[in-house]
Amino acid sequence: MNYQEILDKLRECYPEVKTALSFQNPFELLIATILSAQSTDKQVNKVTQSLFEKYPDANAISLLSPEELEQEIKSIGLYKNKSKNIVTTSKMLVEKYNGIVPCTREELIALPGVGRKTANVVLSNAYNIPALAVDTHVFRVANRLGLTQSSNPLQTEEQLMVIIPEKDWSDAHHWLIWHGRIVCKARRPECQKCRLNHLCQYLNKSV
DNA sequence: AACTCGGGGCA
DNA sequence: TGCCCAGAGTT
């Protein structure tokens, strides 16, 4: 399998690296990424605009009750868990890190609501620390294209980091997500429109 | 490994 | 009306 050919094709298909959650500072990116779990980026962007206007930092959100935060974010779904986690996370940021989002994977994952994928997003996008975030799209698309042969997201992450140059980890994350959302969808992938179908095994084999 | 959280967008 | 969404925590 020619990995480089697939990666070149992805870069060609998605030349400008699009980030659905384009947040400037680490705190906003962290909260937006926690909120994005199983929710669409449209839903998240709609909620975060007013949220960060009223409560711009960890200290402000740490003073809210989970019920108060629920009212701000209830339109995105899964809001009870997310409200509780975000308030607790904000309190931990204030108490342990002086309100600053930490920049190690271990410290990030220790925050409630933050798993490996969210931690990697913050590391790579907010702190420019090389990390390859694997979500459901990346996991599915990388397997279908034959970039990986993986049974869980951590395996996908490890295998992709071997194949892809470190400088491209963040870009590759976005290529694979965009491809997964637009073409290589979970249920009804549009293989006839896919510009990688000539070198993809998913069309001929059923994965 | 399976289950739960969930309102809103869209066909 | 039914299906699905930039995951994480619990059992």
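The sequence lines fix the lettering, A, B, ..., with proteins before strands; numbering per chain opens at 1. Side chains included, hydrogens not; waters and symmetry mates left out as well; all remaining heavy atoms used.
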Send over the distance from [X] [atom1] to [N] [atom2], rounded to a whole Å.
| X | N | atom1 | atom2 | value |
| --- | --- | --- | --- | --- |
| A/R140 | C/dG7 | CZ | C1' | 14 Å |
| A/L132 | C/dA6 | CG | P | 18 Å |
| A/D41 | C/dC4 | CG | C1' | 14 Å |
| A/L21 | C/dG7 | CG | P | 10 Å |
| A/D135 | C/dC4 | CG | C1' | 15 Å |
| A/N45 | C/dC5 | CG | C1' | 14 Å |
| A/R187 | C/dC3 | CZ | P | 10 Å |

Exercise. Going 5' to 3' through nucleotides 3-11 of chain B, assign each nucleotide B (protein heavy atom under 4.0 Å from a base atom), S (under 4.0 Å only from sugar-phosphate atoms) or - (no protein heavy atom that close).
Key: --BBBS-S-

Quiz item: If we take the P atom in both C/dA8 and B/dG8, what is their distance in whole Å?
Solution: 23 Å

Self-check item: Euclidean distance for P, B/dT4 against C/dA6 (whole angstrom)
Solution: 22 Å

Self-check item: Pairs satisfying ring pair (Phe, Tyr, Trp, His ring centres under 6.0 Å), at least one member in residues 65-91 of chain A, at least two apart
Solution: none

Quiz item: What heavy-atom pair brings A/P102 and A/L108 nearest, and what distance separates the two atoms?
Solution: O-CD2, 3.5 Å

Self-check item: Minimum-distance pair of heavy atoms, taken over all atoms of A/V114 and A/A119
Solution: CG1-N, 3.9 Å

Practice problem: State, without any angle test, whether A/D8 and A/Q4 hold a side-chain donor-acceptor pair at a distance under 3.5 Å. | Solution: yes

Practice problem: Verify whether one side chain among A/Y14 and A/H179 offers a donor that lies under 3.5 Å from an acceptor in the other. | Solution: yes

Can we say [X] and [Y] salt-bridge, meaning some charged N sits less than 4.0 Å from an Asp/Glu carboxylate O?
| X | Y | value |
| --- | --- | --- |
| A/D41 | A/R181 | yes |
| A/E70 | A/K80 | no |
| A/E107 | A/K96 | no |

Using the 3.5 Å cut-off, write out each protein N or O paired with an N or O of nucleotides 9-11 of chain C and the distance between them.
unit_1, atom_1, unit_2, atom_2, d
C/dG9, OP1, A/G113, N, 2.9

Exercise. May I ask you to say what A/H173 touches in the nucleic acid, namely base, sugar-phosphate or nothing, with a heavy-atom cut-off under 4.0 Å?
Key: nothing

Practice problem: Classify the nucleic acid contact of A/T33 as base, sugar-phosphate or nothing, counting any heavy atom under 4.0 Å across all strands shown. | Solution: nothing

Quiz item: Heavy-atom distance under 4.5 Å between the side chains of A/N120 and A/R105, does that happen here?
Solution: yes

Quiz prompt | A/R116 side chain near C/dA8 phosphate (N/O to OP1/OP2, under 4.0 Å) | solution = no

